[in-house]
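What follows is a single structure, written as structure tokens, with notes after it.
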Number of protein chains: 2
Amino acid sequence: MNEIRTAPNKYEKILENNNIKPTAMRLLVLQFLLNKNVATSLTDVENYFAKSDRTTLYRTLKTFVEKGISHKIDDGTGITKYALCEDNCRCEIDTDLHLHFHCTKCSETVCITEYKIPPIHLPKDYIAENVNLVVKGICDKCNSK
Amino acid sequence: MNEIRTAPNKYEKILENNNIKPTAMRLLVLQFLLNKNVATSLTDVENYFAKSDRTTLYRTLKTFVEKGISHKIDDGTGITKYALCEDNCRCEIDTDLHLHFHCTKCSETVCITEYKIPPIHLPKDYIAENVNLVVKGICDKCNSK
DNA sequence: TGCCCTATGCAACGGAAGTGCATTATTTGC
DNA sequence: GCAAATAATGCACTTCCGTTGCATAGGGCA
């Protein structure tokens, strides 16, 4: 497509593989999310990139979710968080959905990807399309302090 | 306490048993919640009691939660819902917490009290205090239409 | 009756998500 | 290389919901 350009770096590749045009802002946000290992709110991103506009960041995160490299997290705080998906995640029920842990002490939300959500039993005629499991409590870091 | 008064009806008893002064508004809201078998938002209550004030209803629901006859539900829609607890519910993890089902078709949220939340495995040093499990999909009513 | 405490009603605030639109940057076709 | 088209960005503004402050009304109790 653009052989003339410099070879895309790691971050550009991630975006391009998911049909996201790698603009400067998107690359920075992607990098920021990759470096953070906790779920990140729009406000978090906004504070980090003080110079940039909230709407742009909002739409950047939205694009990431729509294109499937990130997922939205509702951790019950009322503030939407975002976290990058694991490789090969298709955000599908029974295979990809993991639980989220919100620490009431440090207020951080993390993805617990090691443990998938156990199979949910539903009454007759109910069809599950999506599952959100949030555990609140004390995280390992705060617990060991 | 007040032998002179008319014997308290079913609704008054519920409130008095939980140290809630049975005012007219509270009795009406309680009755409304009892009749609805789906989780109810403040706006729902507000629309039903068109004459009453939003704040009063808000605080009524808040009181119900604080006194333990109702629980707050975060079903991921961003709108807080309320539902009356089952009898003897102490809202405790591993015994009382049930899952909530949000139907994407009729937009209603129901408590699935028949199925408790399965035991959650957490990595080392994590302490669970609260669990919120929301399943989204198609409910039985919408599915059979 | 008068006091006190609680419940209620009105108004306003605040945070966060989301939208409309003009501007700037980047492709694409010629 | 230039102009048109398309996409991304930035600013302003709106909306929605939860929440709080404060003044008023009501009900129990001395």
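Reckoned from all heavy atoms, side chains included, excluding hydrogens, waters and symmetry mates. Note that the coordinates shown come from a computational prediction; the quantities given were computed from them, not determined experimentally. In what follows, every chain begins at residue 1, and chains take the letters A, B, ... in the order their sequences are listed.
- The interatomic distance linking A:L28 (CG) with D:dT9 (P) rounds to 11 Å, in whole Å.
- A straight line from CG of B:D44 to P of D:dC16 spans 15 Å, rounded to a whole angstrom.
- An OP1 or OP2 oxygen of D:dT9 is reached within less than 4.0 angstrom by a side-chain nitrogen or oxygen of A:T23.
- B:I79 places its CD1 atom 14 Å from the C1' atom of C:dA16, with the value rounded to the nearest Å.
- Comparing B:K81 and A:L57 against DNA chain D, the residue whose closest nucleotide sits nearer the 5' end is A:L57.
- Atom P of nucleotide D:dC17 and atom CG of B:D74 are separated by 14 Å, given to the nearest angstrom.
- In the set C:dT6, D:dT9, C:dT8, the nucleotide with an atom closest to the side chain of B:K21 is C:dT6.
- Distance from the side chain of B:Y58 is smallest for D:dT19 among the nucleotides C:dT8, D:dC17, D:dT19.
- In this structure, B:E46 pairs ionically with B:R54, as a charged nitrogen and a carboxylate oxygen lie closer than 4.0 Å.
- Side chains of A:H102 and A:T109: a donor-acceptor N/O pair is present below 3.5 angstrom, by distance only.
- Regarding contacts with the backbone of C:dA17, a side-chain N or O of A:T80 is found under 4.0 angstrom from either OP1 or OP2.
- Under 3.5 Å, the side chain of B:T55 and the base of C:dA11 form at least one donor-acceptor pair of N or O atoms.
- Counting to the nearest Å, the P atom of D:dA8 and the CZ atom of A:F64 are 12 Å from each other.
- Within 4.0 Å of B:K51, counting heavy atoms only, lies no atom of the nucleic acid at all.
- Note: CG (B:D53) to C1' (C:dA7) measures 12 Å, nearest angstrom.
- Two rings, from A:F64 and A:Y82, have their centers 6.0 Å or more apart.
- For a distance-only test at 3.5 Å, the side chain of B:R59 qualifies as a donor-acceptor partner of the base of C:dG9.
- B:R54 has its CZ atom 17 Å from the P atom of D:dG21, to the nearest Å.
- For the pair A:F49 CZ and D:dT9 C1', the interatomic distance rounds to 15 Å; values are reported in whole Å.
- Within the 4.0 angstrom heavy-atom criterion, only backbone atoms of the sugar-phosphate kind lie near A:S52; the bases stay farther away.
- Applying the 4.0 Å criterion to OP1 and OP2 of C:dA7, one finds that B:T56 has every side-chain N and O outside that range.
- With hydrophobic clusters built from ILVMFWY side chains whose heavy atoms lie under 4.5 angstrom apart, B:I120 shares a cluster with B:L99.
- To the nearest 0.5 Å, atom CD of residue B:E114 and atom NE2 of residue A:H121 are 13.0 Å apart.
- The 5' end of DNA chain C is approached more closely, in terms of each residue's nearest nucleotide, by B:M25 than by the other of B:M25 and A:K72.
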